[in-house]
Amino acid sequence: MPRPISAIISIPALRHNLAVVANRLRDNYVSAGRARPYIWAVIKANAYGHGIAPAVQAFAQADGLAMLDLNEAVHCRKLGWTKPIMLLEGLFTPDDVELACRHDFTVVVHSSYQIDMLEVARLKRPLHIMVKLNTGMNRLGFSHADFPAAYQKVQALVEAGLFASVGAMTHFARADDNLAITMDQLRDFNSLTSDIADVISVCNSAGCLNDEILPYLPLAPEHWVRPGICLYGSSPFSLSSAESFGLRPAQTLQAQLISVQQVEAGKGIGYGHAYTASSSLRIGVVACGYADGYPRHAPSGTPVTVDGVATTLVGRVSMDMLMVDISHIKEAKVGSVVVLWGENGPSVDSVAQASGTLGYELLCAVAQRVPRVIQNTNEAIHEK
Ligand SMILES: *Cc1c(COP(=O)(O)O)cnc(C)c1O
């Protein structure tokens, strides 16, 4: 029997979260007399650790899928996804170009080497291009000075028939915590693109969920948003929970107790005796450690549930195990179900906050060795 640990992926929760975002965008836009934007569901990093296949199935209502790994993109086509697929970092080699044409991908260009490469490649099919403008994230994208020429060049190649279409995109650095800086980014984007771009894409999850930003979003005929983290039931904001937006956890990391110890007052627990029992404690040993993707930095006090009852981690997380206090959970025994995060457990964001990181990192760090259980409705199907 494999170790009693699994990551349960809920298709209904993924589907629900997409609907929450779509409804919210529709309500905000319609009340402002505008059409709902199109949605790229962002499924990079193996769909934030949830798996490409469940994501493709659950996000069937999205208008497109966005990611950065070419193999994951090809996998989506093999799974039957026929709507647009965008490669967020664009292409890196001429071989990539061939694949992108074959599968009709939408390709971001953020640097001139990418335009040069596409210009000389023998494209088997005209590609859809999104030109990225750096408005202050200072990661990818053309500078304010270089963007107009890059965009014009791509536009000329559209007219020459090499490319099928061109749009403009940018990425927010602080849509989760700083409206003024986000507005500066938007103003910069609008100043360079509003007269020339019919297709634009600007919002991550924080942009999609932040009502203060929505009214200022561009008025281009085709506006695509790019929500990621919220689709998986985690919040992009440190001060607002996913639950407060009506989002549901889509990934539940679940294990079992494999041993129970009685530890006397004054004795240390685990490596380094990082935790000392202040009174006699009943300790449960959980089949989950940092090699499963649980954060090693999670301190004593990090929330967890055992048999549906809230308790806390005690001592240091080991490679394959961690310990929890079950002194107050009389029924708890070997085989008891432990939820590290997700449905019927703490939110992934609360575990992340205790560990000094983000839900993003925890969701996509769940190790390969943890079996994924895909939940379609009520029944669970095992996938390797
Ligand atoms: C990851 C990513 C997104 C989605 O971001 P979330 O914060 O997960 O919503 C959108 N756009 C780009 C370019 C990204 O890299």
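All values derive from a computational prediction rather than experimental measurement. Just follow the structure's listing: the first ligand is 1, and inside any ligand the first atom is 1. Quick note: numbers below take in every heavy atom, side chains included, and nothing from hydrogens, waters or symmetry partners.
Taking a heavy-atom cut-off of under 4.0 Å, ligand 1 is surrounded by V42, K44, Y48, L88, K132, R139, H171, N204, S205, R226, P227, G228, I229, Y360.
A 4.5 Å side-chain heavy-atom check between T252 and V339 finds at least one atom pair inside the cut-off.
The environment of OH in Y113 is crowded: more than 12 heavy-atom neighbours from other residues, nucleotides or ligands sit within 6.0 Å. More than 12 heavy atoms of other residues, nucleotides or ligands shown are found within 6.0 angstrom of CZ on F237.
By the 30° and 60° cut-offs, the orientation of the rings of Y29 relative to H223 is tilted.
Of all the heavy atoms in W341 and V366, the pair that sits closest is CZ2-CG2, 3.8 Å.
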Taking only distance into account, with no hydrogens and no angle test, what donor-acceptor pairs under 3.5 Å do side-chain atoms of residues 154-176 form with protein atoms, sequence neighbours excluded?
from	atom 1	to	atom 2	distance (Å)
S165	OG	H128	ND1	2.7
T170	OG1	L133	O	2.7
T170	OG1	T135	OG1	2.8
H171	ND1	R226	NH2	3.0
R174	NE	D177	OD1	3.0
R174	NH2	D177	OD2	3.0

